[in-house]
Amino acid sequence: MFGRILCGVAASALLFAALPATAQDFSAERLSDHIKYLADDSLEGRFPGKVGEKMTLDYLQAQYEAMGLEPGGPNGQWLQPVELLRLTPTRPPVVTWTGREGVAHTIETGMALRAGAGDGLVKLDNVPMVFAGYGVVAPERNWDDYGDIDLTGKLVVVLGGQPEAFGADPNFYGSGTHKTNEALKRGAVGIITLYPVTGGRGMRGGNRPRMTLVGANETAFQGVMTMDIAGPMAVEQGGDMEALVAMAKQGGAFKAHDSGITISLDIAETAEVIHSNNLLAKIPGSERPDEVLVYSAHWDHVGTAADPDANGDRIFNGAWDNASGTSGVLEMARAFKAGPPPERTVVFLHVTAEEQGLLGSEWYAAHPVYPLEKTAADINIDMLPFTPATRSIALFGIGKSMLEDDLARLAAAAGRDGGVVGDGEPEQGFYYRSDHFNFAVGGVPALMPWTGVDFVEGGEAVGRPYYQAQMAQYYHKLDDEWRADYDFTAAIQNLTLLYRLGQEVANETDWPQWKPGSEFAALRKESDAARQ
């Protein structure tokens with residue numbers, strides 16, 4: 001029965017793919033058909049490396065072939081292979097620390113260590129420990145926790161989060177990506193994040209499998225530690241950890257320094273390689289084909305639950321997250337193909353393993369098919385809005401790039417008088433939690449639209465509880481399945497604006513820029529010469 005149903009869905013969608021389209025033809029029916037296929041039970045939650053991956057990628061390729069797009073991957077292929085690495089502890093790590101008295105202390109609670117992206121086996125003796133405050137280097141904010149210290153062969157301990165002077169809402173400098181990159185630049189073999197909590201009997205999740213990338217830009221080991229452990233270390237060295245933390249929070253004269261403590265550790269984890277893929281399609285630029293605009297979305301979801309629910313369902317179908325965004329990118333490609341040829345190349349990128357930690361986009365950023373310095377922008381679609389018409393268009397991380405100003409102008413021209421607004425929850429740091437983030441870390445101006453709550457009919461008083469109810473019922477829930485009653489009104493509003501924005505980027509000679517206060521502006525400046 002499923003075979004017949006799936007064949008019918010696929011045939012119907014392929015028929016839609018072959019139909020002509022206009023530049024503004026975003027069809028609710030086609031979006032629904034795509035989601036219906038991608039969220040079908042037979043794909044088993046689209047987990048990387050499982051049966052749903054091949055079915056998903058075959059479907060996407062067939063859609064693009066029917067539209068007449070070209071393969072956009074390496075060597076003229078549709079797929080970019082991605083090597084995922086699953087690390088599973090075989091036993092608790094063995095950890096000791098030694099201070100100036102030369103006495104070794106065994107650590108049994110309050111610390112969790114994990115192997116980096118290697119073979120899962122890490123054994124190091126007497127690694128010097130350095131305390132580096134937040135581990136932040138932010139030139140535009142006159143903040144540098146490291147100075148000229150050399151971390152070669154050392155472990156660096158950093159505070160979680162970001163300096164209070166940077167504001168209450170999370171930013172790039174509070175991310176593990178920034179802290180790890182800065183530690184690696186200086187030769188660190190490990191990084192441990194210090195959390196000012198006490199009384200823990202161990203650290204949550206320390207024995208669970210984790211996913212990373214083969215050859216990922218990681219230290220040999222990483223982990224977390226509580227003040228229960230750090231406090232006694234400082235006391236034995238004649239210091240006060242709480243006073244040291246307070247000093248680090250002020251910045252200024254504080255600089256990373258050797259603690260006089262060494263760590264010995266023995267970590268044993270099994271390492272399993274999982275072969276997965278990103279998929280890329282493209283429309284070559286007519287004038288400047290070496291310059292690129294990317295539309296991205298992740299095709300994966302979280303697979304199946306260990307136990308079924310009361311209805312016997314154990315498949316996380318991921319219709320909203322992110323069959324909807326995947327469908328939006330497919331239909332964006334159709335609109336571009338129906339319109340005039342873009343002057344810059346437009347790439348439609350479907351990445352794997354977002355749900356495992358943005359891994360497919362991280363792989364792409366580390367192995368870009370198109371140089372990041374010649375990539376004009378990334379427009380990422382992670383969940384389309386399933387709501388009635390909205391006055392505004394919401395973005396994650398508002399205030400970062402000039403793309404927002406262009407989008408606001410286009411929204412005003414389209415009669416969306418609410419303009420461009422934030423997502424309403426800046427404290428959650430959502431901008432740093434989807435695939436556009438890896439483009440931003442590479443310096444590429446990146447935009448991430450979200451669900452607006454300022455409804456044309458009823459305003460926020462109606463829109464906010466509507467959105468909150470959707471999140472509570474469907475986000476990462478077994479109930480996130482295809483529904484015949486999706487309201488695609490706001491989705492089509494947003495796709496139309498994002499198409500118009502992409503048309504401008506694809507046909508202008510100027511390069512989109514980060515706003516001067518953005519933490520990514522300096523990263524883009526490093527590659528200015530390549531765009532001149």
Side-chain angles (χ1 to χ4, degrees), residues 93 95-100 104-105 107 111-119 121-139 141-163 166 172-196 212-213 215-227 229-230 233-234 236-237 239 241 244-245 247-267 362 366 441 519 522-523 526:
V95 190
T96 61
W97 67 272
T98 303
R100 66 177 55 163
H105 305 266
I107 299 175
M111 178 184 282
L113 295 181
R114 298 301 301 265
D119 62 4
L121 304 177
V122 183
K123 192 174 189 307
L124 296 169
D125 294 321
N126 299 317
V127 178
M129 177 186 288
V130 170
F131 178 62
Y134 284 98
V136 165
V137 179
R141 298 174 186 246
N142 195 32
W143 191 286
D144 181 359
D145 283 326
Y146 281 109
D148 58 2
I149 193 169
D150 182 3
L151 298 180
T152 301
K154 298 178 181 179
L155 156 68
V156 61
V157 175
V158 300
L159 298 173
Q162 64 200 40
F166 290 15
F172 175 50
Y173 295 119
S175 72
T177 299
H178 173 74
K179 293 169 191 266
T180 297
N181 287 347
E182 293 298 328
L184 284 168
K185 283 180 187 178
R186 293 161 178 80
V189 296
I191 182 168
I192 290 180
T193 303
L194 174 65
Y195 288 99
T212 185
L213 296 170
N217 191 39
E218 295 182 347
T219 51
F221 66 95
Q222 60 264 184
V224 291
M225 177 170 63
T226 69
M227 287 291 288
I229 300 301
M233 290 179 178
E236 181 166 318
Q237 302 305 103
M241 195 67 209
L244 191 58
V245 168
M247 185 186 306
K249 287 183 175 181
Q250 297 303 312
F254 174 85
K255 288 292 180 287
H257 57 273
D258 281 291
S259 65
I261 293 168
T262 62
I263 294 281
S264 295
L265 54 94
D266 185 352
I267 303 172
E362 181 181 339
V441 173
E519 64 267 48
L523 296 171
E526 293 174 3

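No experiment lies behind these values; they were computed from the predicted model shown.
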Nearest heavy-atom pair of [X] and [Y]: which atoms, and what distance?
| X | Y | value |
| --- | --- | --- |
| Thr98 | Ala104 | OG1-CA, 3.7 Å |
| Gly99 | Ile261 | CA-CG1, 4.4 Å |
| Met241 | Ala234 | N-CB, 3.6 Å |
| Trp143 | Val136 | CD1-O, 3.6 Å |
| Gly153 | Pro128 | O-CD, 3.8 Å |
| Ala132 | Tyr146 | CB-CE2, 3.6 Å |

Reported [atom1]-to-[atom2] distance for the pair [X] and [Y], which is rounded to 0.5 angstrom:
| X | Y | atom1 | atom2 | answer |
| --- | --- | --- | --- | --- |
| Met233 | Ser259 | CE | OG | 8.0 Å |
| Asp145 | Glu182 | CG | CD | 9.5 Å |
| Met111 | Leu265 | CE | CG | 9.0 Å |
| Ile263 | Trp97 | CD1 | CH2 | 8.5 Å |
| Asn217 | Glu362 | CG | CD | 8.0 Å |
| Leu124 | Ile267 | CG | CD1 | 8.0 Å |

Using side-chain heavy atoms (C-beta onward) and a distance below 4.5 Å, is [X] in contact with [Y]?
| X | Y | value |
| --- | --- | --- |
| Val189 | Thr219 | no |
| Val158 | Phe131 | no |
| Asp266 | Val122 | no |
| Gln162 | Glu519 | no |
| Met129 | Val157 | yes |
| Val441 | Phe172 | yes |
| Ile192 | Val224 | no |
| Leu159 | Tyr195 | no |

Practice prompt. Decide yes or no on side chain to side chain contact (heavy atoms under 4.5 Å, CB included) for Thr152 and Arg186, but give the supporting numbers first.
Written response: CA-CA 6 Å; Thr152 301; Arg186 293 161 178 80; over 6 Å; no
Worksheet item: Regarding Arg141 and the six-membered ring of Phe166, is the cationic atom NZ or CZ under 6.0 Å from the ring centre and inside 45° of its axis?
Response: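 Yes, Arg141 lies over the aromatic ring of Phe166.
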Discussion item. Let's go through Thr262 and Val127 carefully: what are the C-alpha distance in whole Å and the side-chain angles of both, what is the deciding distance for side chain to side chain contact (heavy atoms under 4.5 Å, CB included) to 0.1 Å, and is it a yes or a no?
Written reply: CA-CA 5 Å; Thr262 62; Val127 178; 5.9 Å; no
Item to complete: Please collect all salt bridge (Lys or Arg N to Asp or Glu O under 4.0 Å) contacts where either partner lies in residues 147-162, sequence neighbours excluded, each pair once.
Response: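 Matches after skipping sequence neighbours: Lys154-Asp258.
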Worksheet item: Does Gly176 offer a backbone N or O that forms a donor-acceptor pair with the side chain of His178 under 3.5 Å?
Response: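 Side chain of His178 to backbone of Gly176: no pair is present.
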Worksheet item: When you measure from the side chain of Lys179 to the backbone N and O of Gly161, does any donor-acceptor pair fall under 3.5 Å?
Response: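 Looks like yes, one N/O pair under 3.5 Å.
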Practice prompt. Evaluate the criterion side-chain hydrogen bond (donor to acceptor under 3.5 Å, both in side chains) for residue pair His105 and Glu236; output intermediate values, then yes/no.
Written response: CA-CA 11 Å; His105 305 266; Glu236 181 166 318; 3.0 Å; yes
Item to complete: Verify side chain to side chain contact (heavy atoms under 4.5 Å, CB included) between Phe254 and Lys249, making sure each step is shown before the conclusion.
Response: CA-CA 9 Å; Phe254 174 85; Lys249 287 183 175 181; over 6 Å; no
Worksheet item: Gln222 and Thr180: side-chain donor and acceptor closer than 3.5 Å?
Response: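 On atom types as modelled, these side chains do not qualify, holding no pair under 3.5 Å.
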